[in-house]
Amino acid sequence: MRRSQAFIPTTKEAPNDATLPSHIFLSRAGFIQQVAAGLYNYLPLAKKVIRKIENIINEEMAAIGAQEVELSFVTPAELWAESGRIEKFGKELLRFRDRKENLFVLGPTHEEMMVNMVRNRVTSYKQLPLHLYQIKTKFRDEARPRFGLMRGREFIMKDGYSFHADYEDMSREFDAVEAAYKRILERLGLEFRIVEADSGAIGGSGSKELMVLADSGEDTIAVCSECEYGANIEAAKRSARGEIPQPPEEADFAKFFTPNVKTIEELAEFFKIDPYYTVKCVAKKCIYEDAEEIVLFFLRGCDNLQEVKAINATDALDIVDVSEEELKAIGLVPGFIGPLDQDKAKHVIDEDLKEATMMVCGANEKDYHFVNVDMSILKDVAYYADIAEVNEGDICPVCKKGKLSFTKGIEVGHIFKLGTTYSEALKAEFLDENGKAKPFVMGTYGMGVSRLVAAIIEQHHDENGCIWTKSTAPFLVNVMVSNIKDEEQNSFGEALYKQLQDAKVEVMLDDRKERFGFKMKDAELIGFPYTVIVGKELANGNVQIYERATSEKTTVAKEEVFDKLMEMLRK
RNA sequence: CGGGGUGUAGCUCAGCAUGGUUAGAGUACUUGGUUUGGGACCAAGGGGCCGAAGGUUCGAAUCCUUUCACCCCGACCA
């Protein structure tokens, strides 16, 4: 491609609303153009990058025997009613009616469509397992799209669905997909972690997220310093607290006068103890489909409630804050709520408090706390669950040696052991060896293709622009003729361009009548892995190869530059 | 969906409190010239229904009302 003819509208200034490097540079370098909130046009460079990512995905999917399909973007609303998700998804589903007044939904994910396609066509265990996938535009009418390609309303996603006769086989496929996803991200040159995740409302027996590590990530993940363990903070577990603080002095169980001591900080200060030995109460209101209920969550004073875990522990649809008035109305005293009276509201006690001793907790009476409480007395009556958010420094639940630390990640993939949720809802069954009808056991696997474009730049950029890796670059080599009016430079540049093209190298020839600095800045902004500078050195028989990732310029004899480039590209 | 903000040239923005001929700058674009190793310089140009609709006024980018869009914080996010 000749740069003079290429549609690559680069700009010196970033759009005023871009904050993330990926958004800024993809806009400035002419990859994307925003058309409305969360909607982007892909210009030629972005289209090429997307195609490269898709090719890598296709290769790795083929390697595990998955077959590519393409489902209709417009999906009939009846399918969504059948699975019950038309309500669950709510306003994120963009609905509309056709000329016959039939209701349709733009596909945000395709479980229903895929099950619908397979049901009554795959009817025997002999046809299983089956793994189908597509790479397709999705639409979710997000309440607040942001960060460029990172969180759009319309985006490209690879979504795969596998069908199995039993859980064991589904689990095997799940592992195979995890391995394939790992290879994809490695080939894209990304630094990532595969982490345990919350399965959320979609259910199933487990899920993992693929997190590209980047400060701008919207998810917090806990990773172990010693082993491979990593988990989304929503699902992270721990084996124990890093260091057990100094216990309080021995004392008898007693009710203690603690005037106006309401917060954990005040309580710890009042008794001169570590918050570890206090019981914190977090009161919330759990929302159910047709009811709501105040629930008291008890944790150690040093821990915080993890809301996703709390939702899972209560099976609530949502959890909201509760006012002091509402608490007083049911006889609770905010600031002095304790776990020993189980009758005033539903209690959920964190597992870490099961055996706790020497604790200080509220006495459910204004200005009084109990001291030296042995929590194990509640063992037989209380409901326990893991509801605490892990802290940095907690001990890894897997190797039990390493310490957990937090890092930010961009969720680029999420794989689910889905089970029979959709096959049951949509009555998709097969006959097993005994002629008995069973619902398919399913897995579902997503990977955000357009989000990957942004994630790559989040990890690979500097102050001058994008730094594409060889596997993702829209063009591998940029041949830059420094002074287009110099006949020698010009003809050498043209010849090298032709030579590289003949060798099937994706090459750009910067043949514009611009100054050296302008063209260099432009090349850096776009992020070609290699730029051949055909300039003043040519008079001495030399050109330079500028490597974007290292910013190094290497002088090479003009006769050798082609071979040298081919060697660098092979590496 | 709550709270806040912004809409003026392709892009970044000034002008608006206190209405007054033809609406500005930088950048980008076109033409000519000089320059040619890190986003050059000089000159001449083209480009605007001042987000939209109503209103007030002799006169509205500017004041009032309505509306739409976009952004930010939060809630939400299989």
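Numbers restart at 1 for each chain; the letters A, B, ... are given by sequence-line order, proteins then strands.
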- Message: Students often get this wrong, so: under 4.0 angstrom with heavy atoms, is A/E218 touching a base, only sugar-phosphate, or nothing?
- Response: nothing
- Item | Same-atom distance (C1') from B/G39 to B/U12, integer angstrom | 15 Å
- Query: Is the shortest side-chain N to carboxylate O distance from A/E524 to A/R548 below 4.0 Å?
  - Reply: no
- Message: Tell me if the side-chain of A/R146 makes a donor-acceptor pair with the base of B/G74, cut-off 3.5 Å, by modelled atom types.
- Response: no
- Query: So which nucleotide does B/A69 pair with, by the Watson-Crick or G-U wobble rule with both distances under 3.5 Å?
  - Reply: B/U6
- Can you tell me, in whole Å, how much space there is between the P of B/U67 and that of B/G24? 34 Å
- Using atom C1' of each nucleotide, how far apart are B/G46 and B/A9 to the nearest Å? 11 Å
- A/H414-A/Y445 aromatic ring centre distance below 6.0 Å: no
- Using the C1' atoms only, state how far B/G47 lies from B/U31, rounded to an integer number of Å. 15 Å
- Item | Aromatic ring of A/F516 stacked on base six-ring of B/G37, 5.5 Å, 30° | yes
- NA contact type, A/R153, heavy-atom cut-off 4.0 Å: base, sugar-phosphate, or nothing? nothing
- B/G38 phosphate, OP1 or OP2: any side-chain N/O from A/R515 under 4.0 angstrom? no
- Query: Are the side chain of A/N540 and the backbone of A/N542 linked by a donor-acceptor contact shorter than 3.5 Å?
  - Reply: no
- Message: Can you check the distance between B/C71 and B/G51, where both ends of the measurement are the C1' atom (answer in whole Å)?
- Response: 15 Å
- Assign each of A/M157 and A/L525 the nucleotide of RNA chain B bearing its closest heavy atom; nearer the 5' end lies the nucleotide of A/L525
- Query: Within the pair A/N16 and B/C13, is there a side-chain N or O less than 4.0 Å away from OP1 or OP2?
  - Reply: yes
- Is the glycosidic torsion of B/A17 within 90° of 0, making it syn, or is it anti? syn
- Task: With side chain to side chain donor-acceptor pair (under 3.5 Å) as the test, would you mind laying out the steps for A/E112 and A/S83 before giving the verdict?
- Result: CA-CA 7 Å; A/E112 286 84 353; A/S83 72; 2.5 Å; yes
- Message: Using Watson-Crick or G-U wobble geometry with both distances under 3.5 Å, which nucleotide pairs with B/A40?
- Response: B/U34
- Which one of A/Y40, A/W468, A/F25 satisfies the ring pair (Phe, Tyr, Trp, His ring centres under 6.0 Å) criterion with A/F31? A/W468
- Task: Looking only at side-chain atoms of A/A37, point me to the closest of B/C76, B/C70, B/U35.
- Result: B/C70
- Item | B/U36 OP1/OP2 closer than 4.0 Å to side-chain N/O of A/K485 | no
